[in-house]
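Everything on this sheet refers to the single structure shown next.
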Amino acid sequence: MTDRSYTRRGFLALSSVAATGLAVSACTGASVGGGTTTAAPSDKLRLFTYEDDATIGSLKAQVRKFDQQNGTTTTVDSLPGSGAAQYPDKLRTELLGGSGPDIWRIWGGQLGAPFAKAKQAADLAPYYQRFGWDSSISAAAIQGMTFDGVKAGVPFTARGIGAWYNKELLAKAGIEAPPATYAELEEMNEQLVAAGITPCGLGGKYGWHVMRLFEYLLEHTTGPQLHDKLLLGQESWDRPEVVEAFTLFKKWQDSKWLPEGALGLDPADVGNWYVQGKVAYDLEGQWSETTAILAAKKDPKDFGVFQLPTGHSPARHSGFVEGYMVNAHSGNKDKAAALLDFLLKPDSQKAMQITSSTVKGAEADPAVMPLSAGWDEKYGSSPFYTIQDQAFPKQQSDQYFSVQSDLLQGKVTPAAAARKMQEIVSAWARD
């Protein structure tokens, strides 16, 4: 983690729903349409998340343990796979419709900000004090769930995106070590293609998975300072460095460094292809060791992970924070916070095999998750740039996804894509 703030311009830019300031209800029956009624308390809780099949079972097991100890009944619902493309909209719709959860999982940055701005998420400061979260959780991670000074969420994981690779496939292509420069990365891709191996496994459905490649290329062509200014709307995207990034992005597809028909592939399917031997590597976070390698009952020693080389100092990777929010109109806020405190205990984090926990004492066990522990040791304190679909509000992310799709389909040129991105970001930056 880094001490760099996630708040980005104080989160003044909101989604259209957040800007309305509508108060909404919990699933326990609070009023909607601008009302501020708090629902009656009960022993029933509902938690909404985007856990996939590989991890939802361990979460439910810990929730059941809490219920048994506290006399509660908690329903855990999940919407896996779609990422930021669908999950926030589904959550927002539920909240506005009066059937929202007591607790929901959410990303930091501009994805979590609208729920805080609309006062749909409760201020958790009293619970930070009650449960001692300020001392038990990484301070930098807490900043990632703090919006305009309000602790509207509690973080449980801090992720870093790297290249997770299949050692056997790299060896088959005659590659002895991960690349140290961008030029070496391109050379590695060419060697893999020559050996009949698709290099990088990314899926374009929903937009966010293949986005990880473009944001890396943007870091490479612009460097850290300019990249950050672009994300803040402080510099124009209509510039040669951005055009170069889009040109490289198209090159990766045209050179067959991505799977055939990548735009239509589901990340839920593609994300473990490097484990199955269908591609050489993928751009994933520490969760991949649990959801892809260990879930497939593979030995982590057969795989590796490296930070993508940017050619700049400091060397940065894409990163983000995830956490939980509590419904501001739930009648069960105390019980919801108690459940979160239970899930944030080191024993619970370890039982759920959280590979990048923000909780002190819950660091990845090298004996169980050597790759995640190795990443933390090598890159855990490295600075990072905010992952793009968290750096922008959802509306701007969706607009970027459209530009990304048009570029890869050949509907727009790299120069036109850069101009369109300037229109998108400048309109947001003026809000």
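Quantities reported herein were computed from a predicted structural model and do not represent experimental measurements.
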Derivation and outcome, side chain to side chain contact (heavy atoms under 4.5 Å, CB included), residues E284 and R212: CA-CA 9 Å; E284 298 289 345; R212 296 172 182 170; 3.1 Å; yes
Worked verdict on M145 versus I106 for side chain to side chain contact (heavy atoms under 4.5 Å, CB included): CA-CA 9 Å; M145 297 298 291; I106 195 67; 3.8 Å; yes
I387 vs Q390, side chain to side chain contact (heavy atoms under 4.5 Å, CB included): CA-CA, chis, key distance, verdict: CA-CA 6 Å; I387 197 167; Q390 226 184 80; 3.5 Å; yes
Q349 and S357: CA distance, side-chain angles, deciding distance, side-chain hydrogen bond (donor to acceptor under 3.5 Å, both in side chains) verdict: CA-CA 7 Å; Q349 293 279 290; S357 178; 2.6 Å; yes
D302/K298 under salt bridge (charged side-chain N to carboxylate O under 4.0 Å, His left out): CA gap, chis, key distance, verdict: CA-CA 8 Å; D302 293 330; K298 300 288 187 177; over 6 Å; no
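Qualifying salt bridge (Lys or Arg N to Asp or Glu O under 4.0 Å) partners for E363, counting only residues two or more places apart in sequence or in other chains: none. With sequence neighbours left out, D347 forms a side-chain contact (heavy atoms from CB on, under 4.5 Å) with no residue at all. Checked against side-chain contact (heavy atoms from CB on, under 4.5 Å), A163 has the following partners two or more places apart in sequence or in another chain: Y281, L283, F306, L308. Residues that satisfy the ring-ring contact (aromatic ring centres under 6.0 Å, His included) test with Y127, not counting sequence neighbours, are absent from this structure. Applying the side-chain hydrogen bond (donor to acceptor under 3.5 Å, both in side chains) rule to E215 yields the partners S318; only residues at least two apart in sequence or on another chain are considered. Considering only residues two or more places apart in sequence or on other chains, P414 meets the side-chain contact (heavy atoms from CB on, under 4.5 Å) condition with V243, F246, T247, L407. By the ring-ring contact (aromatic ring centres under 6.0 Å, His included) test, H220 is found to be paired with Y182, residues two or more places apart in sequence or in another chain being considered. In this structure P370 satisfies the side-chain contact (heavy atoms from CB on, under 4.5 Å) test together with E289, P300, sequence neighbours excluded. Among residues two or more places apart in sequence or in another chain, the ring-ring contact (aromatic ring centres under 6.0 Å, His included) test is passed with W252 by W257. With sequence neighbours excluded, no residue forms a ring-ring contact (aromatic ring centres under 6.0 Å, His included) with H209. Applying the side-chain hydrogen bond (donor to acceptor under 3.5 Å, both in side chains) rule to D365 yields no partners; only residues at least two apart in sequence or on another chain are considered.
One finds the OG1 atom of T221 at 8.0 Å from the CG atom of L226 (value rounded to the nearest 0.5 Å). Between S372 atom OG and Q353 atom CD the span is 9.5 Å, to the nearest 0.5 Å. To the nearest 0.5 Å, the span separating CG on L230 from NE2 on H227 amounts to 7.0 Å. One distance of note links CZ of F115 with CE of M325; it measures 7.5 Å at 0.5 Å rounding. In this structure, CG on N272 lies 8.5 Å from CG on D282, to the nearest 0.5 angstrom. To the nearest 0.5 angstrom, I161 atom CD1 is 14.0 Å from Y379 atom OH.
Between the side chains of T157 and S356, a donor-acceptor pair is found at a separation under 3.5 Å. If you check the side chains of T72 and D67, you find a donor sitting under 3.5 Å from an acceptor. In summary, the side chains of Y400 and Q404 do present a donor paired with an acceptor at a separation below 3.5 Å, with no hydrogens or angles considered. In summary, the side chains of T75 and R46 do not present any donor paired with an acceptor at a separation below 3.5 Å, with no hydrogens or angles considered. S58 and Q62 share no side-chain donor-acceptor pair at under 3.5 Å. A donor and an acceptor atom, one from each side chain of D389 and S397, are nowhere located under 3.5 Å apart. A donor atom on one side chain and an acceptor atom on the other are found under 3.5 Å apart for W133 and D341. A donor and an acceptor atom, one from each side chain of Y87 and T49, are nowhere located under 3.5 Å apart. With hydrogens and angles left out, the side-chain atoms of T55 and E51 include a donor and acceptor closer than 3.5 Å.
Using a 4.5 Å heavy-atom cutoff, the side chains of D334 and R130 are in contact. Contact check for I137 versus P155: side-chain heavy atoms found under the 4.5 Å cut-off. L213 places none of its side-chain heavy atoms less than 4.5 Å from the side chain of C200. A heavy-atom distance below 4.5 Å is not found between the side chains of V242 and M421. Counting only heavy atoms from C-beta outward, the side chains of L371 and W164 approach each other to under 4.5 Å. Contact of the F131 side chain with the S136 side chain is not registered, since no non-hydrogen atoms from C-beta on lie closer than 4.5 Å. Within the 4.5 Å cutoff, no side-chain heavy atoms of Y274 are placed close to those of P199. Put simply, the side chain of F249 reaches to within 4.5 Å of the side chain of V210, judged on heavy atoms.
Ion pairing between D228 and R316 holds under the 4.0 Å rule for side-chain N and carboxylate O. We find that D269 and K205 are not joined by a salt bridge, their nearest charged nitrogen and carboxylate oxygen being 4.0 Å or further apart. Electrostatic pairing of D89 and K394 counts as a salt bridge here, judged by a charged N lying under 4.0 Å from a carboxylate O. The pair R419-E423 does not count as a salt bridge, with every side-chain nitrogen at least 4.0 angstrom from each carboxylate oxygen.
Ring pair Y324/F156: centre-to-centre distance below 6.0 Å. A ring-centre distance under 6.0 Å is not found for W104 and Y50. Ring pair F320/F384: centre-to-centre distance not below 6.0 Å.
Taking both residues in full, the closest heavy atoms of S382 and K378 are given as OG-O, 4.1 Å, listed atom of the first, atom of the second, then distance. Between V403 and A417 the shortest heavy-atom distance is CG1-CB, 3.7 Å. The heavy-atom pair separating T310 from E219 by the smallest distance is CG2-CG, 3.7 Å.
Counting only distance, with no hydrogens or angles, the side chain of S330 and the backbone of D102 share no donor-acceptor pair below 3.5 Å. The closest donor-acceptor contact from the side chain of K333 to the backbone of N327 lies at 3.5 Å or more, if one exists at all. Between the side chain of K335 and the main chain of S42, a donor-acceptor pair closer than 3.5 Å is present. No donor-acceptor pair under 3.5 Å is formed between the side chain of T146 and the backbone N or O of G149.
The ring-ring contact (aromatic ring centres under 6.0 Å, His included) analysis of residues 336-369, with sequence neighbours excluded, yields the pairs F66-F342.
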